[in-house]
Amino acid sequence: MGTKADIPEVDYEKKSSRCCTSTRSCILLIIFGTVGIISGAVVMDIVYDKILEVIVYDMMHLTPSSMIYPEWAEPSIPLTSKFYFWEVTNPDEVFNGGKPALIEKGPYAYDLFVRRDNISNNDNGTISSIPVYTYVFNREKSIGPDTDRFLGVNMPMTSTAYMMRDAPRFIRESMSVVLEELNETMFIDLSVADLLWGYDEPLFKMIHDLFPIEGVDEQFGFLLGYNGTDMNGLFTVYDGKDDVSMLNRIDNWKGKTTVDFWFTDEANMMNGTDGMMWHPFIKKDEKVLDLFHPDFCRTMPYAYEADETFKGIPMRRYALAPYAYANGTTYPPNEGFCKDDTCAPNGIQRMDPCRFGSPMGMSNPHFLYADPSLSEEIIGLNPDEEKHKNYFLLEPYMGMPYVMRQRLQINMFLRDVQGIKQMGDVRTMYIPAIWFAQEVDVPDNVIKSYELGFQVTALIVEIIKYIMIVGGALMVLAGTTITIVKYYRRTQANQYLNEKEPLLDNKPHPHKKTSKRKQPPSASTRKFKSIAQSETSEASELD
């Protein structure tokens, strides 16, 4: 038989009060912990996006108070322009109808410095400026000095012959006599500096003296008049202050909102930016970004290809769209870029309308991705995506290219012209003359600025996020554990009372007189009853 001494004197009420004062407190602990987990997992991502928006919107607008303005006005990021020239090794064979055998000469590299003159903030949310490009020869990045010489196609002479193709026979023959007097031939020996910055061209001087044409100089050079001058004209772009999605988008060039070189309104549109930056927060569904530059005479589309990283920073790769140089048959929107005999095979676009009728065509270097018929006419081409692809890597938060490989080849259309003997029996073809690459690689100091700005902000938010998740999980765990323990103790208390009450009742001895006075409950019994009643009361309150 049990006695009072057998009952353990455990103070359950005191131990229970050390954890939660009530079951309600424990449940609240679980609720707050759950909210912490959800907030850390979901809300902090939203908070991070909002923090980035505030930072980027404050930086990315073209007003004097913004952080990006000085870099836009005079970029400090190094730019390099590399030029490659095609030397013709078999001029006599080409004159007599053979395929040209070409050798690539280059690179000849120039450091490119850009500044914007005559900056004017306009009242309509735009900003105007004249970009000035200065080229400085970099011998270390070049295969030789810019005095290196080689034999290439004579573009002024072959252009003149082409323009005379439909003239009466006697005019063509007379022009042939003039060309002979001027010692003009299909190919000409020139230096790198001559071809880029200009040389005295007797044919142009004669034309200039007889028929002065605006824009036609007495010299010829691919970049004639562009080194350190304002030849690019006045650009007006949106400053992005009121609408950041319009940042750096071209409003007009030289006062015109469209160009007038081509044959449809769509082809003449000036879309996108000048390529220095696009708007911030480039979205995943923005599959095409447009770039306009006067040298191209048109808008060039760049299509999204893939996500990748550059020095640990997430980037989006955009490459010149496959249809950029497609003809109108393959890609109908391009019908406006050619007409009649100026339409070329896929992979090359004629530029006659914006080059005074000269039959030039632009393409990817080495006819990369072009119709095989183009490269089949040339010996010495070796297209390579790694070396010749036109693309850039864009940092999507700020909309700025961190890597750029803008590559373009200029080709000359050749054909025989009856009556002009200087063209001989040349076969009809496009012959590469020069290709260039404008390269940008953001330096390490800009990468560090990015890390200190965006990545540190992201790290702080990420730390807060995990503190909330872990802290919330601990709260849920603690509240659940305490609730289970309290429930277990209440069950044990009730079970103990059920088992001990009969034992503690002093039943009468068969040989003794019983007392009518009821025995008081023991101290342990009173404690268990108190715990059970307290727990039951709390549960009722919650119900």
Side-chain angles (χ1 to χ4, degrees), residues 62 72 116-133 213-216 225-226 229-240 242-279 286-303 318 320-321 323-340 342-344 348-363 390 399 406 408 410 438:
L62 298 178
W72 171 82
R116 299 180 189 273
D117 290 347
N118 299 345
I119 298 175
S120 174
N121 287 91
N122 307 312
D123 295 334
N124 63 347
T126 63
I127 185 169
S128 301
S129 66
I130 298 177
V132 176
Y133 298 89
I213 302 173
E214 184 180 355
V216 176
Y226 278 89
T229 71
D230 60 0
M231 283 284 286
N232 286 289
L234 185 70
F235 274 83
T236 300
V237 301
Y238 289 93
D239 61 23
D242 297 327
D243 183 357
V244 74
S245 69
M246 298 292 288
L247 177 66
N248 203 39
R249 184 176 295 184
I250 293 175
D251 175 53
N252 67 78
W253 171 56
K254 292 184 176 180
K256 297 180 179 180
T257 57
T258 63
V259 296
D260 54 9
F261 304 124
W262 311 110
F263 310 107
T264 63
D265 292 340
E266 184 177 3
N268 281 318
M269 293 176 68
M270 286 191 292
N271 297 326
T273 76
D274 61 1
M276 183 175 178
M277 69 180 79
W278 281 264
H279 66 83
E286 293 185 69
K287 300 300 184 183
V288 176
L289 297 179
D290 291 323
L291 185 154
F292 173 82
H293 195 280
D295 290 344
F296 304 149
C297 306
R298 57 163 288 192
T299 296
M300 302 294 280
Y302 285 77
Y318 285 83
L320 188 67
Y323 54 81
Y325 296 134
N327 58 36
T329 303
T330 302
Y331 186 66
N334 282 357
E335 288 179 349
F337 291 117
C338 73
K339 196 173 186 180
D340 302 328
T342 65
C343 293
I348 190 168
Q349 184 198 317
R350 290 281 286 269
M351 304 173 69
D352 309 38
C354 72
R355 290 292 181 264
F356 305 102
S358 177
M360 296 182 185
M362 61 181 177
S363 69
N390 188 339
Q406 200 173 73
L408 181 117
I410 301 299
Q438 185 167 301

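Since this is a predicted model, take the numbers as computed values, not measurements.
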Any donor-acceptor pair under 3.5 Å linking the side-chain atoms of [Y] with those of [X]?
X	Y	value
N122	S128	yes
Q438	H293	no
Y302	N390	yes

As an exercise, state the distance from [atom1] of [X] to [atom2] of [Y], rounded to the nearest 0.5 Å.
X	Y	atom1	atom2	answer
Y323	T330	OH	OG1	14.0 Å
D242	L247	CG	CG	12.0 Å
M360	M351	CE	CE	7.5 Å
N252	T236	CG	OG1	4.0 Å
W278	M246	CH2	CE	15.5 Å
Y238	R249	OH	CZ	8.5 Å

Would you name the heavy atoms of [X] and [Y] that are closest together and state the gap between them?
X	Y	answer
R350	A344	CG-CB, 4.2 Å
M277	N248	O-ND2, 3.2 Å
Y325	M300	OH-CE, 3.5 Å
R298	A324	NH1-O, 2.9 Å
M276	W72	CE-CA, 3.3 Å
V132	T229	CG1-O, 3.5 Å

Are [X] and [Y] side-chain neighbours, meaning at least one heavy-atom pair lies under 4.5 Å?
X	Y	value
F235	I250	yes
Y331	P333	yes
I410	L408	yes
L62	V237	yes
Q406	L291	yes
C343	N327	no

Is atom [atom1] of [X] surrounded by more than 12 heavy atoms (other residues, nucleotides or ligands) closer than 6.0 Å?
X	atom1	value
M270	CE	yes
K339	NZ	no
N124	CG	yes

Any donor-acceptor pair under 3.5 Å linking the side chain of N118 with the backbone of I130? no
Taking F261's backbone N and O only, do any of them form a donor-acceptor pair with N268's side chain (distance below 3.5 Å, no angle check)? yes
CA sep, side-chain torsions, deciding dist, call: C297, W262, side-chain contact (heavy atoms from CB on, under 4.5 Å): CA-CA 9 Å; C297 306; W262 311 110; 3.9 Å; yes
